[in-house]
Amino acid sequence: MDPKTFRQHAHQFVDWMADYMEQVEQYPVKSQVRPGEIYDKIPARLPEEGVAMDQIFRDFQREIIPGMTHWQSPHFYAYFPANVSPPSILAEMLISTMGAQCMKWETSPAAAELEERVMEWLRDAMGLPGSWEGVIQDTASTATLAALLCARERQSNYEINEQGFEGFTNYRVYCSTETHSSIEKGVKIAGFGKQNLVKIAVDEQLAMRADLLEQAIEADLSAGYQPLCIVVATGTTGTTAIDPLLAIGDIAQKHGIWLHVDAAYAGSALLLPEYQWMIEGIEKADSFVFNPHKWLLTNFDCTAYFVKDSRALVNTFAILPEYLKTRTDGQVNNYCDWGIPLGRRFRALKLWFVLRYYGLAGLQEKLRGHMTMATWLEEQIKASSDFTVLTPRNLNLVCFHYTPQGATDIAALNPLNEALLHRLNDTGKIFLTHTKIRGVYTLRMVIGQTSVEQRHVEAAWALIATTARSLAEYKINK
Ligand SMILES: *Cc1c(COP(=O)(O)O)cnc(C)c1O
């Protein structure tokens, strides 16, 4: 494709992109296709001859779009958001046009030095210790795996990397019963064995009980295990519960255990001074991860990983084959040595665009707006006679269920609420997901999409209430 043709298509696509942003709330937010429907529309063989871009673009609109769930719709309240924003999209266009591999300083000095700076910006704005260093990873799952590997190597004096596990066994990793599945995945990949992930029970607020953690560690020590790493959840995926970092930090320090903080979603809220309480005690931790690609208006993928001592990262991951040796080794940061993959996209650029375009004040306003709307919703639910809030709200996630006539029988309420969730999602007007809290089927509503406004939340709440009441009537009459 010559640059002239490219220019024409690009202009056409940019028009489509702006139209999409304007119209996204009119699409069914959750794709309504059946399994196999899209697959069956795609020809079984790759085309022998090239196809005109106009044709490809038409097929994209006709065949692909119906199979998309619209994560950028303001009717999206499911999981956690994967927000984009216009400045981030514009940066992505530039990043993909340059297509640079940003593994070493020399492969693009601007990428390495901009990454160093924007990580410092975030570190300072989020109240992380000023001596810590940051690096961008692809996902929180990867960052947590990196933390587990660094903990392993520091504990074994970097011997497992050299000779394998011979003589180094019995490692234990601790997290609460509510932590994200990526911890278990990391424990498996790092070679500790899933059975050596100790899940600590939680309190009423679904936060880890530090006293039970202490007991588990003491018991493990007397049984001959080696406590290696504790993962604190700052904002669990189910309910955004906040583990007590200060108390857990004391335990980690007392026993010399690596302390990793998983704030994948909630970390963005640290830009607000009123949420600094979430990381009281952070100076006792060794590593901290959060995802700008969730709530902070930056396209997936972009994970910010911060560490107390970058030497542990570099000692664990650095490899220097002949073809990667450069004149500047030792003077600059080569971020391929700060994580698992060699190749790295220029992710710092989109973060730089977002942070500069909105500024701290603009981002704070966005986050506070989400908190205000979530507070409003929580108040509506509390004031209604037939819905119940299930866990105290920490941020912008409201957890609730439908309890007609104050019903409390879980055996009847769980199927009713499950039916309600499917009924709502099938309308295409709103998308929610669920969790279970102590066996109770719970609707999760996250109010954090880039473009969600109060009018959307009001319409969503009206839809939830009328759908629930019609469903209960239908069930009772049947
Ligand atoms: C979303 C989430 C993760 C996983 O994030 P990825 O970037 O998709 O790997 C981990 N922990 C928590 C608490 C999360 O909410």
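What you see below is based on every heavy atom in this structure, not just the backbone, and it leaves out hydrogens, waters and symmetry mates. Ligands are counted one by one from 1 in listed order, and the atoms in each one are counted from 1 as well. Along the sequence shown, residues are numbered consecutively beginning with 1. All figures in this text were calculated on a predicted structure; none of them were measured in a lab.
- For atom 15 (O) of ligand 1, the choice among H180, K294, Q137 with the nearest heavy atom turns out to be K294.
- Residue contact check: H293 has heavy atoms under 4.0 Å from atoms 7 (O) of ligand 1.
- Interface atoms of ligand 1 facing N291, defined by a heavy-atom separation under 4.0 Å, are 5 (O), 6 (P), 7 (O).
- Aromatic ring centres of F60 and W16 lie closer together than 6.0 Å.
- In this structure, I230 CD1 and L213 CG are separated by 4.5 Å, a value rounded to the nearest 0.5 Å.
- Closest to atom 9 (O) of ligand 1 among all protein heavy atoms lies S141 OG, 2.5 Å.
- Interface of F80 with ligand 1, defined as ligand atoms under 4.0 Å from a residue heavy atom, comprises 15 (O).
- Atoms of ligand 1 found under 4.0 Å from any heavy atom of S182 (numbered from 1 in listed order, with element): 10 (C).
- Between Y265 and W295, the ring-plane angle classifies as parallel under the 30° and 60° cut-offs.
- Every atom of ligand 1 is numbered from 1 in the order shown, and the set under 4.0 Å from a heavy atom of G235 is 13 (C).
- From R345, atom CZ reaches atom OG of S96 across 7.5 Å, with rounding to the nearest 0.5 Å.
- When every heavy atom of M373 is checked against every heavy atom of V452, the shortest pair comes out as CE-O, 3.5 Å.
- No more than 12 heavy-atom neighbours from other residues, nucleotides or ligands sit within 6.0 angstrom of OH on Y79.
- Counting the atoms of ligand 1 from 1 in the order shown, those under 4.0 Å from a heavy atom of T237 are 12 (C), 13 (C), 14 (C), 15 (O).
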Ring pair (Phe, Tyr, Trp, His ring centres under 6.0 Å), that's the test. Do H70 and F431 meet it? Break it down for me. CA-CA 9 Å; H70 297 282; F431 184 22; over 10 Å; no
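- Among all protein heavy atoms, the one lying closest to atom 6 (P) of ligand 1 is A140 N, 3.6 Å.
- Under 4.0 angstrom from ligand 1, the non-hydrogen atoms of D262 all belong to its side chain.
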